[in-house]
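The structure under discussion appears below in the form of structure tokens.
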Amino acid sequence: MHVFLPDGQRLDLAHGATAADAAAAIGPGLARAAVGARVDGALADLLTPLPEGVRLAIVTKRDADDVLTLQRHTLAHVLAQAVREALVAEGHAPDSVRMGIGPVIEHGFYYDFDLPRTLTPEDLEDLEARMRAIIEARLPLRRYEVPRDEALAHWRAQGDPYKVELIEDLPEGVTISFYEQGGGDGFTDLCRGPHVPSTGDVTPHFKLMSVAGAYWRGDETRPMMQRVYGVAFATAEELEHHLWQLEEARRRDHRKLGAELDLYVLDEDVGPGLPLWLPRGAVLVEQIERLAKEMEEAAGYQQVRTPHVSKEQLFLKSGHLPYYADSMYPPMELEHVRYYMKPMNCPFHHKIFAARPRSYRDLPLRLSEYGTCYRYEDSGALMGLMRVRSMNMNDAHIYCTEEQFEAEFLAVVDLYLRYFELFGIEDYVMRFSKHAPDGLGKKYVDEPELWLRTEEMTRRALQHGGINFVEVDDEAAFYGPKIDVQIRSAIGREFTLATNQVDFAVPARFDLNYIDEHNQRRTPLCLHRAPLSTHERLIGFLIEHFAGDFPLWLAPEQVRIVPIADRHVEPARGLQARFRAAGLRSEVDASNERMQAKIRDAELYKVPYTVILGDKEIEAEEVAFRSRQEPERRGVPVAVFEAHLVEHARLRTLSMPPLGG
RNA sequence: GCCAAUGUAGCUCAGUGGUAGAGCAGCCGAUUCGUAAUCGGCAGGUCGUCAGUUCGAAUCUGACCAUUGGCUCCA
């Protein structure tokens, strides 16, 4: 047989040769340096027989990313071996330690186990020590293939339902391979690879992070496995850097900053996922709403207001109850009528559309509302402000004709982009979520042709708009495809921020119609859009995005006035009144503290500007100020300072330029 | 929802069966100060809740509540 090397040269090898054999044939230096291989571009290991005629590249330490991927995968096996060792040492039967899967993930690896006892965080240290011993033992890995029947018989005999299921689900004809390390007394796993050739080739710069529950194959009806997570890097510095980044992320976690900056609280007596906005947090909400109202007014939206509860029949008509009941607060019954808290505004807006006959001249009709909705999210899914049960939607519904759809859709996407620019949001993914045919009639309304047509309309609109996006199956809303904008929280969890959903189904259920230019009744399309998500999630995200250092226009307190001595308190209050009259949010620190302490408090509170007021300033009608974005300044006329702040608050400047320049 | 960990003063935390502690924040007083913590005093807790074991429970047991991590990355 033969393979082709990266330079195009043909290399002849014996039948069944592996990448290790190929490396040896090329030269002893390469054989020593080889850790893995790329076979027709795909990452592979040294142990797998090469197919005929492939392009082969040997992976060495220089191919850092590839090596790390192989190492992380092998680390998962080393972890599994360590777990079995540890439990067997405690007297558990080897067969009682069952292995699920152990893949490579971002930053590291995990392995899922079904164990005779629960692992605790304290176990991780012992497991790490065992892993290091296995690495130091430099156990060679051996790969071998087994016929399907034999493999099944082997695991059935072991009474291991997980591996049996995995093999059964493999398509006929796929090679079933095992990787063994440390011989018969070591560890063997059903695995397709690829791995490093020896446990000694594994990076020692790893750390076990946590134990967590995870459903077998991600299915909540299946057994709960115990998952151990680990991170691994090529160097000690990278591992340390990663751990440092985790620390940094915790520092900007909106739950921590939300408490430190007095933005919101969650109170046990109020209930999980029901945040209370403190005055400082309410300023953020108010500023966001003002922004949205300005933008939407300019874009031709009309504001409406609707109740928080309604009769059951509204949600039956909308189709929410059959599809969405699990996420709704249970009903309250009054005089034999059931009422529900609203999980969404749309049914109300549909009723507003239907409140009078509509002409094609009324379209597009854009109705917006900042209504509070209530969703009974799974308790385990709640997280600070990012996932809550009471939320202020930045919501609107656009009723339009099919001909108007593309322009309306792109106008909404454009609105997102302007918001993102204003907030300096650059790190996001636009996701085009489509239906899955097998969910029709269950997760999705049963209209196969309409699905395909609206998905095509949406895709075309995105392409015409030159928007970068990824397509995802089986993530659509029940009434149509949608665009989600995914962002990451400080601690790396993904959330949907903006959303833009096409609804071809619910307007018909509400019998919404308009009279077209040929005097025909027609059903409008509806676009659901929430470019700023909910106020809760947006603000949660912005806290982390800005690490609490809000741009001036958003900052709960824009100017802190620090009088140097008691005799400066009254003039300070005068200055505060002046700032307030100019529309600036300002506080005086009249506490009986030294100036340094007051400055420190203002800095820790992340107030954008701190004005120091003493005899000199009062005398000359000047301020001395500290800003979080420019060096300390003295002797600035009050009027100049004030005008600078007022101007940039008005412009919603993201990053304040130095005063005067 | 499920698996696990955690829960002591507003915040951060100490206290492992024998009289609940510290620092910061708060209040009072002194100090009146020029760019990141002045000094002294006082006050503050049903130890998440409820039940149990015990002569005695923050501490041991159970249930519940809340918070946190995880439950997607296809052997």
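Reminder, nothing fancy here: chain letters follow the sequence lines and each chain counts from 1.
Between the A:R148 side chain and the A:L170 main chain, a donor and an acceptor come within less than 3.5 Å of each other.
Contact check on A:R600 versus A:E603 returns no salt bridge, with no Lys/Arg side-chain nitrogen under 4.0 Å from an Asp/Glu carboxylate oxygen. For the pair A:D253 and A:R255, the salt-bridge criterion is met [side-chain N within less than 4.0 Å of a carboxylate O]. Under 4.0 Å is where a charged nitrogen must lie from a carboxylate oxygen, and between A:E145 and A:R143 at least one such pair does. Electrostatic pairing of A:R387 and A:E377 counts as a salt bridge here, judged by a charged N lying under 4.0 Å from a carboxylate O.
For the residue pair A:R567 and A:D615, the shortest heavy atom distance occurs at NH2-OD2, 2.6 Å.
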Legend entry - Contact state string [nucleotides 8-15 of chain B, B base, S sugar-phosphate only, - no protein heavy atom under 4.0 Å]: --------
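Less than 6.0 angstrom separates the ring centroid of A:F641 from the ring centroid of A:F625.
For B:A58 and B:A37, the C1' atoms lie 32 Å apart once the distance is rounded to whole Å. Distance noted for atom P between B:U59 and B:G44: 23 Å (whole Å). Comparing the P positions of B:C47 and B:G52 gives a spacing of 16 Å, expressed to the nearest Å.
With rounding to whole Å, A:I105 atom CD1 is found 14 Å from B:C74 atom C1'. As a whole-Å value, the separation of A:M209 CE from B:A4 C1' is 16 Å. The separation between A:L246 atom CG and B:G70 atom P is 11 Å, rounded to whole Å. B:C2 atom P lies 14 Å from atom CG of A:D326, rounded to whole Å.
Side-chain to base pairing of A:Y215 with B:G1: one donor and one acceptor N or O lie within less than 3.5 Å of each other.
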Could you list, one pair per line, each protein nitrogen or oxygen that sits under 3.5 Å from a nitrogen or oxygen of nucleotides 33-35 of chain B, together with the distance?
residue: B:G34; atom: O6; partner: A:D615; partner atom: N; Å: 3.3
residue: B:G34; atom: O6; partner: A:K616; partner atom: N; Å: 3.4
residue: B:G34; atom: N1; partner: A:E617; partner atom: OE1; Å: 2.9
residue: B:G34; atom: N1; partner: A:E617; partner atom: OE2; Å: 3.2
residue: B:G34; atom: N2; partner: A:E617; partner atom: OE1; Å: 3.4
residue: B:G34; atom: N2; partner: A:E617; partner atom: OE2; Å: 2.4
residue: B:U35; atom: O3'; partner: A:R626; partner atom: NH2; Å: 3.3
residue: B:U35; atom: O2'; partner: A:R626; partner atom: NH2; Å: 3.0
residue: B:U35; atom: O2'; partner: A:E632; partner atom: OE1; Å: 3.2
residue: B:U35; atom: O2; partner: A:R626; partner atom: NE; Å: 2.8

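Residues of residues 106-119 of chain A that place a heavy atom closer than 4.0 Å to RNA chain B, in numerical order, are A:Y110, A:T118.
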